[in-house]
Amino acid sequence: MKIGIVGSGNMGRSLGILWAEQGHEVFFGSRDAEKGKATAEFAGRRTQGGTNEQAAAFADVILWTARNVMPKQLLSHSEVLDNKIIIDCNNQEIPEGFAYAPIVESLAEKLAQDVPQAQVVKAFNTMAQEVFELAPEPLKNYGVSVFVAGDDEQAKKIVMGLTEEIGFLPVDCGVLRNARLVEGLGDFIRLIIAGQKQGVYATISVNVLPTPSGQRLGGRQTSSLN
């Protein structure tokens, strides 16, 4: 699969290298073509590097790491993204005191509005970049969840496959509107990492427990005022 990285910072570099290790064709893009090329040289594995424009044109799947920058602002021809899958991994800036405002429209929804012919999928926003150093081994032993939301089922399936390849456990979170909750979860994990000083390797894992053999506590009952 051809994967383009728009914005080859820490997140883009790490995920791009992981996917290149799995045999995907990866193009690292940057506002500065030389930075994109330098990232590709560091990554090796026949990856390529250049501008964000080139990365977008090259790829079938695009990792969008440009936070609060829309395609029509960053690319001279945003229609190059039409019919492509765009993975949005971004969170808002951390406000002072972690005093987040309620999310009434997610970053992923804003991205989708800017390029309505693309398939935007929210994913990879609930862990620090350092976690990727453990992927795919020994990460797969820990069941670290990646929460995936999108309106196009086939696009979501592809992103979940890319997630599994590098050792994560994808969790289908439904339609793109639910990215508001996924981004809220990203804000929460950053509170745990930084605000509560749990460190960059703190993650979230969804576990489905076995059904108990009995209900010794009485089970779930209908609410009553009595």
Side-chain angles (χ1 to χ4, degrees), residues 3-19 26-33 35-36 39 49-56 59 61-76 78 80-81 84-116 118-132 146-151 155 159 162-163 168 173 176-195 200 202-204:
I3 301 175
I5 311 297
V6 172
S8 298
N10 292 328
M11 184 71 75
R13 181 190 68 248
S14 298
L15 281 169
I17 291 173
L18 288 173
W19 285 323
V26 176
F27 194 112
F28 292 98
S30 173
R31 293 177 188 267
D32 179 358
K35 180 181 178 181
T39 303
T51 65
N52 288 322
E53 300 268 2
Q54 292 172 314
V61 176
I62 295 154
L63 179 70
W64 190 270
T65 73
R67 176 166 52 193
N68 286 322
V69 180
M70 296 295 107
K72 289 177 181 176
Q73 296 173 299
L74 187 64
L75 305 176
S76 57
S78 63
V80 72
L81 302 176
K84 298 186 178 185
I85 297 170
I86 305 177
I87 304 172
D88 175 39
C89 64
N90 296 292
N91 290 310
Q92 296 283 2
E93 295 281 357
I94 299 175
E96 185 176 354
F98 292 90
Y100 290 101
I103 297 174
V104 296
E105 184 180 40
S106 65
L107 294 174
E109 289 172 290
K110 293 177 183 178
L111 183 58
Q113 289 171 12
D114 201 63
V115 280
Q119 289 81 50
V120 174
V121 178
K122 190 74 188 186
F124 294 109
N125 70 305
T126 54
M127 69 282 299
Q129 177 268 342
E130 286 83 355
V131 170
F132 297 122
V146 168
F147 302 92
V148 183
D151 290 335
V159 174
L162 290 171
T163 298
F168 290 92
C173 295
L176 192 63
R177 183 184 186 280
N178 296 339
R180 302 173 193 181
L181 300 174
V182 177
E183 290 181 12
L185 187 57
D187 295 339
F188 173 75
I189 192 63
R190 292 191 293 169
L191 169 66
I192 296 300
I193 288 171
V200 294
T203 62
I204 298 175

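Bear in mind that the values here come from a model prediction, so they are computed numbers and not experimental data.
In summary, the aromatic rings of F132 and F168 are positioned with their centroids under 6.0 Å apart.
Between W19 and I17, every side-chain heavy-atom pair lies at or beyond the 4.5 Å cut-off. Side-chain atoms of Q92 and N68, non-hydrogen and from C-beta on, do get closer than 4.5 Å to each other. Considering only heavy atoms from C-beta on, D187 stays 4.5 Å or farther from F98 through its side chain. Within the 4.5 Å cutoff, no side-chain heavy atoms of I62 are placed close to those of I3. Side-chain contact between K84 and V61: absent, with no pair of heavy atoms (C-beta onward) separated by less than 4.5 Å. Inter-residue side-chain proximity for F124 and L15 is flagged as met; some heavy-atom pair is nearer than 4.5 Å.
Taking OG1 from T203 and CD from E130, the interatomic distance works out to 13.0 Å, rounded to the nearest 0.5 Å. Atom CE of M127 sits about 9.0 Å away from atom CD1 of I193, to the nearest 0.5 Å. With rounding to the nearest 0.5 angstrom, the CD1 atom of I189 is 4.0 Å from the CD1 atom of I204.
No donor-acceptor pair under 3.5 Å is formed between the side chain of E109 and the backbone N or O of L176. Checking side-chain atoms of N178 against main-chain N and O of C173 turns up a donor-acceptor pair under 3.5 Å. Judged by distance alone, with hydrogens and angles left aside, the side-chain atoms of T51 form a donor-acceptor pair with the main-chain N or O of Q54 at under 3.5 Å. A donor-acceptor pair is defined here as one N or O able to donate and one able to accept, closer than 3.5 Å; no such pair exists between the side chain of T126 and the backbone of L185. Remark: side-chain polar atoms of D151 are not paired, donor with acceptor, to backbone N or O of Q119 under 3.5 angstrom. Side-chain atoms of N52 never come within 3.5 Å of backbone atoms of L75 as a donor-acceptor pair (strictly under, hydrogens ignored). The backbone N or O of N90 sits less than 3.5 Å from a side-chain atom of K122, completing a donor-acceptor pair. Side chain of S8 to main chain of T39: no donor-acceptor pair is present (N/O by atom type, distance under 3.5 Å, no hydrogens or angles). Of the possible polar contacts, none joining the Q113 side chain to the K110 backbone as a donor-acceptor pair under 3.5 Å is found. Remark: side-chain polar atoms of D114 are not paired, donor with acceptor, to backbone N or O of M70 under 3.5 angstrom.
With respect to the salt-bridge test (charged N to carboxylate O, under 4.0 angstrom), the residues E105 and R180 do not qualify.
Of all heavy-atom pairs between A112 and V120, the closest is CA-CG2, 3.7 Å. In terms of heavy-atom proximity, G12 sits nearest to I5 at CA-CG2, 3.5 Å. What you find for G36 and S30 is that their closest heavy atoms are N-CB, 3.7 Å. Shortest non-hydrogen contact noted between L81 and A118 is O-CB, 3.4 Å. Here the closest non-hydrogen pair linking V146 and A123 is CG1-CB, 4.0 Å. Minimum interatomic distance between L111 and I86 (heavy atoms only, all atoms of both residues): CD2-CG2, 3.8 Å.
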Problem - Steps toward side chain to side chain contact (heavy atoms under 4.5 Å, CB included) verdict (C89, L63) - result: CA-CA 7 Å; C89 64; L63 179 70; 4.0 Å; yes
Exercise for the section: List the steps and the verdict of side chain to side chain contact (heavy atoms under 4.5 Å, CB included) for V200 and Q129. Expected result: CA-CA 8 Å; V200 294; Q129 177 268 342; over 6 Å; no
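Annotation: Y100, atom OH; neighbour count of heavy atoms from other residues, nucleotides and ligands within 6.0 Å is above 12.
Partner D88 forms a side chain to side chain contact (heavy atoms under 4.5 Å, CB included) with one of L107, V182, T65, V121 and no other, that one being L107.
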